[in-house]
Amino acid sequence: MKRTIAGSLVGLLLAAACGGGPGGGPPAKLTDGKLVIAVINDQSGVYADLSGKNAVEAVNMAVEDFKAKYGENALGGKVEVLTADHQNKADVAQQKAQEFYERSNADVILDVPTSSAALAIADVAKAQQKLYLNVSAATTVLTGKSCNKYTFHYAYDTYMLAQGTGITVTQQGGKSWYIIYPNYAFGQDMESSFRQAVIAAGGTVIQSDGSPFPNTTGDFSSLLLKAGSLKPQVLGAMQAGGDLVNVVKQYNEFKLKDQNIKLAVGLLFDTDITALGQDALAGTVYTTPWLWNMDDQSKAFADKFLKRTGIRPTFAHAGNYSAAWQYMDAVRRAGSDDADAVVKQLEGYKFSDFFIRNGFVRPEDHWVQHDALIAQVKPKSEAKETFDYSKVVSTIAAEKASRPLSEAGCSMPK
Amino acid sequence: MEYVALQLFNGLVNGAFYALLSLGLAVIFGVLRVVNFAHGALYMLGAFAAYLLLQDFGVGFWVALIVAPIGIGIAGMVLERLLIRRLYGLDPLYNFLLTFGLTLMIQDGVRLRYGLQGQPYPAPAELAGSVSAGLVAYPTYRLFVIAFSIVVCVAVWYVIERTRLGMIVRAATERPELTRALGINVDRWVTPVFGFGVALAALGGVLAAPMRNVSPLMGSELIIFAFAVVVIGGMGSIAGAVVAGFLVGVLASLAAIFNPALENVIAFALMAVVLLVRPAGLFGSLEARS
């Protein structure tokens, strides 16, 4: 008994010496003496720039900062960060996840862009009863039909994007929409989310067309011409990454803007703006969970990130940092890396950090709800530096940016 | 109706790229009997060269249109001298492996430096406008691409069919041994011909830069289409490559009116039909294939 008291005293003293925050109690008990965080994402394909290796770097930063705050041994052992390239293939993702959970004793998997790959990993997480915090995949199916006890959806989803961009643009007078979307899980989910949002805001969807994915020719001119003949007020482009770049380039080429066909972009990353040139997108309104230049604490992170990687972080980079941090913090609070104990800590948890504002982990479907932003691309003349692309127009409150539970269709197994 | 007409123009634009790429492939295959899998990567290098010239040296589109193909054509000649030359006597499979390996190296090299997402490149100011075409404003630049590539294709055809130089190249293509016996140094022409084919790919790349995302992978998918076009036109046939290029472009665009997904399929469907009906391709002779 005495020993435990002495032990916790030493622990408290240590925590105080390291500047440990409130509740820096005894270190957690780790089942295998270490905490293993695995980042699975695209490191060679179309999504490599928006998350990729730099997302791994963000997780490394989170681990270092966490140790700096709570002490080297706050989690009761070493923290390891592993990484793998899933090449945007669901089967590769599934195999890597299996390997990480089983052989490397990974406690959590992070990131995973490409909705089909994310869904595959959610299934593995469920079977292995280990955690998976999704950051970069957008499909609402993760918190809907495919929801499970060990999968959490961080950062953003297609519902948030549609609520932001779909409703804002419709309310600003863009009543009739022509939607083009990449014909796979993500695009189809985007199409239906946007359709619902536009109609809810009093608009109409004249037509929607799927474009081949991957689009081997890089040519979208037939769909853009169709837009010219349908004469909608808004062309809603749901393509992502390189496909989006081609759509916007050709939208500008055909000068659809001069015919009063406004472009609404479903999902826009800073890396897309780099590829197009800021002025090609100037004025475009879009929804994003986070911007690096939105306030001082975000900028502080962005400065550190820039020093490490040479670029400003996309929201996927920042989201991975935040998700890694919140996971480690849940382990710290639980005092254990036991998956069920950590899930218990996460469910219903309310928090805010530089990335998540007014955060709340919904216990019913594991959607991490938080404020979203409506942003607008600035013309280059207003930019203060190379990566100063966008400004915040307004904030969407966390509840409004989150799909109502009644629509989620998730029956969470206990 | 207007829509169909405009879509026809889009088809010609896409066809122009297929034609330029497969023309280069056909010339190289004709003379060297090498299936140059690195063609797509060299096309991509053309686009990146245009981007770099503008970004780092302030050199605009028109100069890039001349400088980039020449520079990359020379680089192609060096490649031929250093590497490709060594494999002529061997099974064509070795050349296939070599050029495919080169593709991966070039692509990843560019990716390492510039990332995958792509770089911006504006259309030249003179062509940035558009022509009123009823339904939409049709970009002047696209019309330029069609006209320019037709001029290039006709010029290449003229050189090969109507000049002494072309005669040597054609003779070397069909009967290399006999041509040698007539006292013509065939080997002298191998390197320049390869460089020329490569320059055509780079030219396509420069033309594509203002319209397409300038990214390391931009050529990797297009090249598959170019090969289908070469097979449709007839391996090694100059006219075949050009006609089949435009044909595939137009048919694909018209098919896209009915279903966007068809755009990617039509080239291969056409290839299958041509191989069944005319195995040597539309313009090929069986002899040239042997």
Side-chain angles (χ1 to χ4, degrees), chain A residues 42-50 52-54 180 183 209-231 241-250 252-259 261 269-281 311, chain B residues 2-7 9-11 13-14 17-18 107-108 111 114-123 128-130 133-142 208 210-215 217-218 220-225 249 252-265 267:
Chain A
D42 174 15
Q43 307 195 347
S44 51
V46 280
Y47 302 139
D49 286 359
L50 60 88
K53 290 212 165 64
N54 286 333
I180 57 176
N183 214 343
D209 277 314
S211 66
F213 180 85
N215 190 342
T216 41
T217 59
D219 179 36
F220 291 90
S221 53
S222 62
L223 293 173
L224 294 171
L225 272 185
K226 204 163 183 182
S229 68
L230 289 170
K231 301 246 179 283
D243 278 351
L244 178 71
V245 173
N246 274 321
V247 168
V248 177
K249 233 175 175 176
Q250 290 161 34
N252 286 336
E253 230 194 316
F254 282 102
K255 302 217 175 350
L256 292 181
K257 200 190 233 160
D258 297 347
Q259 298 187 54
I261 300 174
F269 284 95
D270 281 1
T271 39
D272 302 325
I273 305 178
T274 308
L276 280 160
Q278 191 166 359
D279 281 333
L281 279 164
I311 60 160
Chain B
E2 244 173 350
Y3 174 50
V4 175
L6 286 174
Q7 196 53 9
F9 274 101
N10 282 335
V13 172
N14 290 340
F17 289 107
Y18 299 149
Q107 273 175 6
D108 279 2
R111 190 168 70 87
Y114 296 100
L116 266 173
Q117 188 76 70
Q119 308 295 334
Y121 192 83
S130 51
L135 217 53
V136 290
Y138 204 79
T140 321
Y141 183 77
R142 286 188 174 233
M211 292 170 47
R212 298 272 197 271
N213 188 17
V214 181
S215 94
L217 297 181
M218 65 188 290
S220 66
E221 306 285 358
L222 202 60
I223 190 67
I224 311 287
F225 280 83
S253 287
L254 293 181
I257 296 176
F258 301 104
N259 184 346
L262 280 179
E263 192 166 356
N264 284 348
V265 180

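Chain letters run A, B, ... following the sequence lines, proteins first, then strands; residues in each count from 1.
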Counting heavy-atom pairs under 4.5 Å with chain B, the top scorer among A:Asp209, A:Asp49, A:Val248 is A:Asp49

side-chain contact (heavy atoms from CB on, under 4.5 Å) between B:Asn10 and A:Phe254, intermediate numbers included: CA-CA 11 Å; B:Asn10 282 335; A:Phe254 282 102; 3.6 Å; yes

Where on A:Asn183 is there a heavy atom nearer than 4.5 Å to chain B: the side chain, the backbone, both, or neither? neither

Name of the residue among B:Asn264, B:Val13, B:Asn14 meeting side chain to side chain contact (heavy atoms under 4.5 Å, CB included) with A:Asp219: B:Asn14

Under 4.5 Å from a heavy atom of chain A, the part of B:Ala128 involved: backbone

Less than 4.5 Å to any heavy atom of chain B: does that hold for the side chain of A:Leu223, its backbone, both, or neither? side chain

Select, from A:Ser44, A:Gly241, A:Gly242, the one with the greatest count of heavy-atom pairs under 4.5 Å involving chain B. A:Ser44

Find the one option among A:Ile261, A:Val245, A:Leu276, A:Asn252 whose heavy-atom pairs under 4.5 Å with chain B are most numerous. A:Val245

Looking only at B:Arg212, B:Met211, B:Gln119, B:Gln7, the option with the highest number of non-hydrogen pairs under 4.5 Å against chain A is B:Arg212

Gap between atom CD of B:Glu263 and atom OG of A:Ser221 - 0.5 Å precision: 6.5 Å

Does any heavy atom of chain A fall under 4.5 Å from the side chain of B:Pro210, the backbone, both, or neither of them? backbone

Please say whether more than 12 non-hydrogen atoms of neighbouring residues, nucleotides or ligands are located less than 6.0 Å from OH in B:Tyr141. yes

Any sub-3.5 Å donor-acceptor pair from A:Asn246's side-chain atoms to B:Asn213's backbone N or O? yes

Please determine, among B:Gly118, B:Ala252, B:Ala208, the option with the most heavy-atom pairs under 4.5 Å with chain A. B:Gly118

In terms of heavy-atom proximity below 4.5 Å to chain B, should A:Thr274 be classed as side chain, backbone, both, or neither? backbone

Spacing of CG belonging to A:Leu225 relative to CD1 belonging to B:Ile257, to within rounding of 0.5 Å: 9.0 Å

Of all of A:Ala280, A:Gly277, A:Ser222, which one pairs up most often with chain B through heavy atoms under 4.5 Å apart? A:Ser222

How far does OH of B:Tyr138 sit from NZ of A:Lys255, to the nearest 0.5 angstrom? 13.0 Å

So what's closer than 4.5 Å to chain A heavy atoms on B:Tyr18: side chain, backbone, both or neither? side chain

